[in-house]
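Report on one structure; see the data block that follows.
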Amino acid sequence: MTWQRLFAAGAALGALAIAAGAFGAHGLKKRLSADDLAIFETGARYHMYGALAVLAFGLAAAHGVRAVTPGWILVAGTTIFAGTLYALALGGPRWVGAVTPIGGTLMLVALAWTAIVAVRG
């Protein structure tokens, strides 16, 4: 059942990424500066990348690959990375930008961990 929850989290992240991308393209285009819109779009893009990777981790876990723990780390990293970029673009405090690399680092750790697990068999 654990892989199903991870897969569901990936699907939910994907749905939210699509909603964020549409909101950015249609609801924020005239309200944000070009720089802030670019930040928001970067958040939406990496949000979707993370969602797709979490879906893949869920499928891998369903086939016996030890991908559940790194999958949840990826969920956390994606949430932190995209969430802080969304906050920055929408006028949040600038210190939030200092948190963004934590999310990116978690994403990298999750992917590297899974690569190592896959190579080791």
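Owing to the predicted nature of the structure, the values given are computational and were not obtained by experimental measurement. Quick note: residue numbers are just sequence positions, from 1.
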Please confirm whether the backbone N or O of L13 pairs with a side-chain atom of H47, one donor and one acceptor, at under 3.5 Å?
-> yes
Should I102 and W95 be regarded as members of a common hydrophobic cluster, given that ILVMFWY residues are connected when their side-chain heavy atoms come within less than 4.5 Å of each other, either directly or indirectly?
-> yes
Do you know which two heavy atoms are closest between R94 and L88, and how far apart they sit?
-> NH1-CD2, 3.3 Å
In Å, rounded to the nearest 0.5 Å, how long is the span from CG of L108 to CD1 of I73?
-> 12.0 Å
A87 to V96 - nearest heavy-atom pair and separation | CB-CG1, 4.1 Å
Co-membership, hydrophobic cluster, residues F7 and I18, 4.5 Å side-chain = yes
State, yes or no, whether a side-chain contact exists between L6 and V75 at a heavy-atom distance under 4.5 Å.
-> yes
Can you tell if the side chain of W72 reaches within under 4.5 Å of the side chain of R5, non-hydrogen atoms only?
-> yes
With no hydrogens and no angle check, is any side-chain donor or acceptor of T84 less than 3.5 Å from a backbone partner on F81?
-> yes
Which is it for I80 and V99 under the side chain to side chain contact (heavy atoms under 4.5 Å, CB included) test, yes or no, and what are the steps along the way?
-> CA-CA 8 Å; I80 293 167; V99 179; 3.9 Å; yes
What pair of heavy atoms forms the shortest contact from R66 to P70, and how long is it?
-> O-CG, 4.0 Å
Reported CZ-to-CG distance for the pair R45 and L85, which is rounded to 0.5 angstrom = 10.0 Å
Heavy-atom check, side chain of L111 versus side chain of F57, under 4.5 Å | yes
For the residue pair F23 and F40, categorise the inter-ring angle as parallel (less than 30°), tilted (30 to 60°) or perpendicular (more than 60°).
-> perpendicular
Is there a chain of hydrophobic side chains (I, L, V, M, F, W, Y, each step under 4.5 Å between heavy atoms) that links V68 to W113?
-> yes
In terms of heavy-atom contacts, G10 and A51 come closest through O-CB, 3.6 Å
Would you say L28 and L90 make side-chain contact, with heavy atoms under 4.5 Å?
-> yes
Would M107 and L16 show up in the same hydrophobic cluster when neighbours are defined by side-chain heavy atoms closer than 4.5 Å?
-> no
Are L74 and V65 linked, directly or through other ILVMFWY residues, by side chains that come within less than 4.5 angstrom of each other?
-> yes
Which atom of L32 lies closest to which atom of A89, heavy atoms considered | CD2-O, 3.4 Å
For atom OH of Y46, decide whether the heavy atoms of other residues, nucleotides or ligands shown that lie under 6.0 angstrom number more than 12.
-> no
For Y86 and A44, the nearest pair of non-hydrogen atoms, with its separation, is OH-CA, 3.2 Å
OG1 (T79) and CG (L106) are apart, to the nearest 0.5 Å, by 10.0 Å
